[in-house]
Number of protein chains: 2
Amino acid sequence: MARPTMEDVAKRAGVSRALVSLVMRGSPKVSEQRRTAVLRAAEELGYSPHAMARSLASRTSTVLGVMVSDLHNAFFAEVVDGLDSVAREQGFELIINTGGRSPARERRALDSLLSFRPAGLALLSPVVPTAAISTAADHLPIVLVARSSRVSTVDTVNDDGEQGVGLAVDHLVSLGHRDIVHLDGGEGSQAGPRRRGYVSAMARHGLDPRVVDSEYTDTAGARAVQELRGGGRMPTAVISCNDFNAVGAISALEEAGLGVPGDVSVVGYDNTSLAALRHVSLTTVDQPRNEMGRLAAEALLQRVRGERTDPVRHLLHPSLVVRSTTAPPGGAS
Amino acid sequence: MARPTMEDVAKRAGVSRALVSLVMRGSPKVSEQRRTAVLRAAEELGYSPHAMARSLASRTSTVLGVMVSDLHNAFFAEVVDGLDSVAREQGFELIINTGGRSPARERRALDSLLSFRPAGLALLSPVVPTAAISTAADHLPIVLVARSSRVSTVDTVNDDGEQGVGLAVDHLVSLGHRDIVHLDGGEGSQAGPRRRGYVSAMARHGLDPRVVDSEYTDTAGARAVQELRGGGRMPTAVISCNDFNAVGAISALEEAGLGVPGDVSVVGYDNTSLAALRHVSLTTVDQPRNEMGRLAAEALLQRVRGERTDPVRHLLHPSLVVRSTTAPPGGAS
DNA sequence: CTACAGCATTGGAGCGCTCCAACCAATAGA
DNA sequence: TCTATTGGTTGGAGCGCTCCAATGCTGTAG
């Protein structure tokens, strides 16, 4: 049960502990002969270095902390993938924690990450107050993903939601739609920019905006459509705040006997794996999630290496993915 | 930037380092007066204990390592949630890593987790060879989720896939179906038990089994249906190896002009959030995922506390969730 | 033959903490 | 009054490692 230590390896290889340390870190100033002896001894004993002891002694860390607000959201899975691949390349490990969208739980998750003294911290769409973040930022580099911030010591990575929804509006307008409704994400992260993007794009085309309150879930999307039906004029196209909402809207439309895209076109947001399912085949706006993760990791590592102290604010360009839920209006499919 | 240490707190509170340590660990043998003095000093300095130093000094760990084979699969998100809640209750932290379904990457993920000397390790549907697992099991408690093992030092938590598919068959038979096909999960984890469950349940009902090769993805499900169409007789019901596969099958059926469940009933497996979407509303088999996570954490912690050395093999009962993709045969919806 | 590089190697201090034996009142028991 | 006992407190050793100054060793120049 007890694992061998560096001391054990040193004894077995007939060298000093310091030499083993050099070999383990791949130092060039070790003779070939000793190196192989040490490596053999380590192999025989099944030795593997103790990351915590190393980090304590070297006063450095090769750990990046990641707080995911909600693991259930596939959006984060891809961001984490991006983070992971960059971190790994550069010899860093990820330790991940979840906050469950509750400020209290998130706070504890944050503390527990900090107690590991990671080299940096990536917070994915956190809900903790800014104050907690900026306090932590005094001690280590922090990058926020999918949440903006004005704290000058914090980097941010976001997609340009305004632009993204603008793309959706342009697409629908170019198909001939003029009556386009936005199902709003309410308090949800990034719902604001998306709404603003909708309103300003509509204005740009000289069209009247119509915003219906909704949320980031499929049931909310369905409910919003039911309200629209009750409330009179049905639009020819709907732009949802995200893919789940869009899928809910589609099923409510179909239940009401309205064809998609025959009678109503629907656009989502996020390009989750859900949208790509052939059964759904949703026209949606893609955020470069993997890229966002990569940029977040790079921002962190730049600060860790002391290459930069000014904050960066990445605002990535989303792109429109046209699938089967959009078509010209009235052109009963 | 430099964080205060226990020494700093001790100095400020006018006590010894050891006393601060006692306070931090909530020892009862500290006078109220000193305790408050220490806590105030800690508060003023913004001190928080250094988890790694603590773990090194105490030769114990409050960390549980979790290796998730694939973060994109929502199945794991809920298992992790279950693990997380139990771990948190008992004062343990999770550190999560991903293996990306590649043995090589998983191997490195495993090593990196081990280098933190966690108290225990939970492997979710790992693909690394058994040898690697049993070697690691010499050093610390390990629990496997969604993968069985005969290694006597390893605990396992699985759902009873045989029983689960049996439920699906029973349900379809009771609706009147006799021509039921299984779309097989191939090499996928737990595909074996599911296939066996199908075959034996069909035998129990005196029906001929028909297994079509497929995989755990929606495109594979669609392809399997296309093969079925090419190959002659269409069954009245299909049991997919998982929900994604089922969704793919449904869209291929609909494209072929066959109604679900009017012409063909479809059952999935896993009860992912996808199945619950009203647009999909898939009849499927539910694994108690959160429960699986909880049991995994408890198994680990029992070993950590030395309460048990014999392996446990949890085999949980799945349940059938009937939604809108199953109906009596021929009863053209 | 001495001096001095240059290099591989080493012992020791120290990272922030826990743990233990020792210590020091203050009180209780004889 | 003296010795136990108890409860609170402390210094020091040590966890497994890194880092640095110092060491020994070879080889080459003076």
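Everything numeric here is computed off the predicted structure, so don't read it as measured data. The figures here come from the full heavy-atom set of this structure, side chains too, leaving out hydrogens, waters and symmetry mates. Below, chains carry the letters A, B, ... as their sequence lines are ordered, and counting in each starts from 1.
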Problem set entry | Pair B:L300-B:R303, side chain to side chain contact (heavy atoms under 4.5 Å, CB included): steps then yes or no | CA-CA 5 Å; B:L300 233 35; B:R303 283 199 194 250; 6.0 Å; no

Exercise. Should B:E43 and B:R12 count as an ion pair when the cut-off is N to O under 4.0 Å?
Worked result: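 B:R12 and B:E43: not salt-bridged.
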
Exercise. Salt bridge between B:D155 and B:R313, side-chain N to carboxylate O under 4.0 Å?
Worked result: no

Nucleotide nearest [X] (side chain, heavy atoms from C-beta), chosen from [options]:
{"X": "A:K29", "options": "C:dA8, C:dA13, C:dC17", "answer": "C:dA8"}
{"X": "A:A57", "options": "C:dC17, D:dT18, C:dT18", "answer": "D:dT18"}
{"X": "A:S58", "options": "C:dC17, D:dC17, D:dC19", "answer": "D:dC19"}
{"X": "A:P49", "options": "D:dG16, C:dC17, D:dC17", "answer": "D:dC17"}

Problem set entry | Under-3.5 Å donor-acceptor pair between A:R17 side chain and C:dT9 base | no

Problem set entry | Side-chain donor/acceptor contact of B:R59 with base of D:dG14 under 3.5 Å | no

Could you state the [atom1]-[atom2] distance from [X] to [N], rounded to the nearest angstrom?
{"X": "B:R3", "N": "C:dC15", "atom1": "CZ", "atom2": "C1'", "result": "16 Å"}
{"X": "B:L22", "N": "C:dT18", "atom1": "CG", "atom2": "P", "result": "9 Å"}
{"X": "B:M52", "N": "D:dG16", "atom1": "CE", "atom2": "C1'", "result": "13 Å"}
{"X": "B:M6", "N": "C:dC15", "atom1": "CE", "atom2": "C1'", "result": "14 Å"}
{"X": "A:K11", "N": "C:dG11", "atom1": "NZ", "atom2": "C1'", "result": "15 Å"}
{"X": "B:L19", "N": "D:dG7", "atom1": "CG", "atom2": "C1'", "result": "12 Å"}
{"X": "A:L56", "N": "D:dC19", "atom1": "CG", "atom2": "P", "result": "12 Å"}
{"X": "B:D8", "N": "C:dC15", "atom1": "CG", "atom2": "C1'", "result": "13 Å"}

Problem set entry | Step-by-step salt bridge (Lys or Arg N to Asp or Glu O under 4.0 Å) determination, A:D84 to B:R105 | CA-CA 11 Å; A:D84 191 50; B:R105 274 189 62 186; 3.2 Å; yes

Exercise. Considering heavy-atom distances to DNA chain D, does B:R117 or B:A18 have its closest nucleotide positioned more toward the 5' end?
Worked result: B:A18

Exercise. Contact class for A:R34 vs. all strands (heavy atom < 4.0 Å): base, sugar-phosphate, or nothing?
Worked result: sugar-phosphate

Problem set entry | Stepwise side chain to side chain contact (heavy atoms under 4.5 Å, CB included) check, B:I142 with B:L123 | CA-CA 7 Å; B:I142 291 191; B:L123 308 181; 4.2 Å; yes

Does [N] have OP1 or OP2 sitting under 4.0 Å from an N or O in the side chain of [X]?
{"X": "A:S31", "N": "C:dC7", "answer": "no"}
{"X": "B:S16", "N": "D:dT9", "answer": "no"}
{"X": "A:R25", "N": "D:dC19", "answer": "yes"}
{"X": "A:R54", "N": "D:dT18", "answer": "yes"}

